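Computed from a predicted model, the values in this text were never measured in an experiment. If you read the sequence from its start, that first residue is 1, and numbering goes on from there. Whatever order the structure lists them in is the order used to number ligands and atoms, beginning at 1.
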Amino acid sequence: MDVLVTGAAGFLGSHLTDRLLGEGHTVLGVDNLSTGDRDNLAHLAGHPRFRFEERDICTSFDPGRVGYIFNLASPASPPEYLRMGIETLRVGSVGVENTLEIAARYHAGFLHASTSECYGDPLEHPQKETYWGNVNPVGPRSVYDEAKRFAEALVMAYQRSRGVNTRMVRIFNTYGPRLHPGDGRVISNFMMQALRSQPLTIYGDGRQTRSFCYVDDLIEGIMRLSRSDEHYPVNIGNPQEFTILECAQAVMEVTGSKSELHFVDLPEDDPTRRQPDITKARALLGWEPKVPLKEGLKKSLEYFRSKTEPS
Ligand code: NAD
Ligand code: UDP
């Protein structure tokens, strides 16, 4: 099948592209390289079934006939979407609409990458897909959260009104090789700081929680969802929940680092807890994550170590 992947040069997009090529598909990857990196696709240079186009999906385009679209384009790290607030709102609205139009034109399947951020600072714990969330519509994170919530509404509208064959995955914090070492997310920050023997920056008191999913598990969940008929959102994430202090401890163990902890201010509206209820993914897709946090960190060690060396 001819598949379009937007955000293909990003962390998740590049892994998804590898998986699709591995299954024999022909992939067109597009990306504006705003937070992505060509290096993530360097190993595919000359691949007979892969083509890359540098483009912004906020400008409408015609990739030719495609059978499936995976829409992953969007800044994802808080410091990046705070830096590119307007671009983030545009890619989550105009960009998603452009890709939905392509799906409508070619009767292509469509899978949209949504996020646990739709739940905001959740009052329900763990978070089920039926929970509507607790989002500040005007706070700093709103550029991402509301773009993603608008995108979900848009995807549902194209499914209901135009009959587009859509799916939505609500992704919870995912990590692994190719996570940009400088994009400010917690795992990349801690791994790089630990490997450089620098203090680990704990925001707030470190008692806020996240639930971390290894990238291979996430990609498997996305592939299974793409083959299902479910139009409503499905959580994909690892329900093992850690405080940020526990996460720092795990990074120190895996890296063998003796770094100190450096406590700094908690960013505004930083959610206090996050844990996916994956009952729906288990029942619908027969999916559950297999890689515990420390094992995933070990699998990521070589990649982050390579990023500490001057290139
Ligand atoms: P990433 O920043 O590594 O990848 C996103 C890619 O989208 C980048 O390569 C970027 O250059 C590209 N992009 C951004 N705006 C674009 C535009 N206008 N046109 C074309 N390309 C554009 O982030 P990621 O972690 O790989 O995230 C991929 C998707 O998954 C995003 O939609 C994100 O919101 C979602 N997601 C990720 C996580 C996670 O933990 N990694 C969690 C929830 C949701
Ligand atoms: N965090 C931290 N130190 C860092 C980076 C992040 O303590 O160097 C915290 C952040 O405040 C949040 C959690 O780790 O509570 C996850 O942050 P991330 O930016 O990875 O993703 P989020 O889930 O907030 O979108």
Region of T35 engaging ligand 1 - heavy atom pairs below 4.0 Å: both
Atom indices of ligand 2 within 4.0 angstrom of N189 heavy atoms, with elements: 4 (C), 5 (C), 8 (O)
Of the listed options R273, R274, R210, closest to atom 23 (O) of ligand 2 (non-hydrogen atoms): R210
Close side-chain approach of V135 to E146, heavy-atom, < 4.5 Å: yes
Those atoms of ligand 1 less than 4.0 Å from some heavy atom in G7: 6 (C), 7 (O), 12 (C)
Linked, directly or transitively: L4 and I57 (ILVMFWY side chains, under 4.5 Å): yes
CZ/R19: more than 12 non-hydrogen atoms of other groups inside 6.0 Å: yes
Atom 11 (O) of ligand 1 - nearest protein heavy atom and its distance: D31 OD1, 2.5 Å
Heavy-atom side-chain proximity of P78 to R141 below 4.5 angstrom: yes
Shortest protein contact, atom 34 (O) of ligand 1 (heavy atom only): Y144 OH, 2.6 Å
Residue pair R170 / S116, side-chain donor-acceptor N/O under 3.5 Å: no
Ligand 1 contacted by R178 (non-hydrogen, < 4.0 Å): no
Between D121 and T272: side-chain donor-acceptor atoms closer than 3.5 Å: yes
Sub-4.0 Å heavy-atom contact, S114 with ligand 1: yes
For D56, the ligand 1 atoms whose distance to one of its heavy atoms is below 4.0 Å: 17 (C), 18 (N), 19 (N)
Within-4.5 Å side-chain heavy-atom neighbours: T35 and D183: no
Heteroatom proximity flag, T201 to ligand 2, N/O under 3.5 Å: yes
Heteroatom proximity flag, L72 to ligand 1, N/O under 3.5 Å: yes
SB check R105 E101 (cutoff 4.0 Å): no
Numbered atoms and elements of ligand 1 in range of L33, under 4.0 angstrom, heavy atoms: 11 (O)
Mode of N173 contact toward ligand 2 - side chain, backbone, both, neither (heavy atoms, under 4.0 Å): side chain
Close approach, T6 and ligand 1, non-hydrogen under 4.0 angstrom: no
Sub-4.0 Å heavy-atom approach of P271 to ligand 2: no
S116, any N or O under 3.5 Å of ligand 1 N or O: no
Contacting atoms of ligand 2, where contact means under 4.0 angstrom from a heavy atom of G184: 5 (C)
Any N/O pair K148/ligand 1 closer than 3.5 Å: yes
Proximity of L179 to ligand 1 by residue part, where a heavy atom lies under 4.0 Å: neither
Protein heavy atom at shortest distance from atom 5 (C) of ligand 2: Y203 CE1, 3.3 Å
Contact (N/O only, under 3.5 Å) between V30 and ligand 1: no
Closest approach of any protein heavy atom to atom 21 (N) of ligand 1, naming residue and atom: N32 N, 3.1 Å
Among E80, R141, R185, M192, closest by any non-hydrogen atom to atom 22 (P) of ligand 2: R141
Identity and separation of the nearest protein heavy atom to atom 4 (O) of ligand 1: G10 CA, 3.4 Å
Nitrogen or oxygen atoms of G36 and ligand 1 under 3.5 Å apart: yes
Contact check, Q193 vs ligand 2, heavy-atom distance below 4.0 Å: no
Side-chain heavy-atom pair P233, E152 within 4.5 angstrom cut-off: yes
Nearest-contact summary for atom 26 (O) of ligand 1 - protein heavy atom, Å: L12 N, 2.8 Å
Which residue and heavy atom of the protein sit nearest atom 25 (O) of ligand 1, plus the separation: R185 NH1, 2.9 Å
Closest non-hydrogen atom pair between R274 and T209, with its separation: N-OG1, 3.2 Å
Between T201 and Q193, a side-chain donor and acceptor under 3.5 Å: yes
Atom of I69, atom of A103 and distance for their closest heavy-atom approach: CD1-N, 3.5 Å
Basic-acidic side-chain contact under 4.0 Å: R178, D18: yes
Distance from atom 10 (C) of ligand 2 to nearest protein heavy atom, with residue and atom: D270 OD2, 3.3 Å
Minimum non-hydrogen distance to atom 27 (O) of ligand 1, winning option of A147, G92, A76: A76
Any side-chain heavy-atom pair of P276 and N238 under 4.5 Å: no
Numbering as shown, the atoms of ligand 2 that approach I202 to under 4.0 Å (heavy-atom distance): 7 (O)
Side chains of L16 and L72 in contact at under 4.5 Å (non-hydrogen atoms): yes
Among E124, H125, E129, side chain to side chain donor-acceptor pair (under 3.5 Å) partner for Q127: H125
Any side-chain donor near an acceptor of the partner, N235 and Y119, under 3.5 Å: yes
Residue-ligand contact G95/ligand 1, heavy atom below 4.0 Å: no
Audit row: F212, I187, side-chain contact (heavy atoms from CB on, under 4.5 Å) steps and yes/no: CA-CA 9 Å; F212 299 102; I187 299 281; 4.0 Å; yes
Contacting atoms of ligand 2, where contact means under 4.0 angstrom from a heavy atom of E117: 25 (O)
Residue and atom name of the nearest protein heavy atom (relative to atom 42 (C) of ligand 1), distance in Å to one decimal: I171 CG2, 3.4 Å
Ligand 2-proximal atoms of V186, by part, heavy-atom distance under 4.0 Å: both
Option among V186, V264, I244 that satisfies the side chain to side chain contact (heavy atoms under 4.5 Å, CB included) test with Y203: V264
Which residue and heavy atom of the protein sit nearest atom 14 (C) of ligand 1, plus the separation: S34 OG, 3.3 Å
Salt-bridge present (R83, E80; N to O < 4.0 Å): yes
Pair R49 + D2: basic N to acidic O under 4.0 Å: no
Any N or O of C58 closer than 3.5 Å to N or O of ligand 1: no
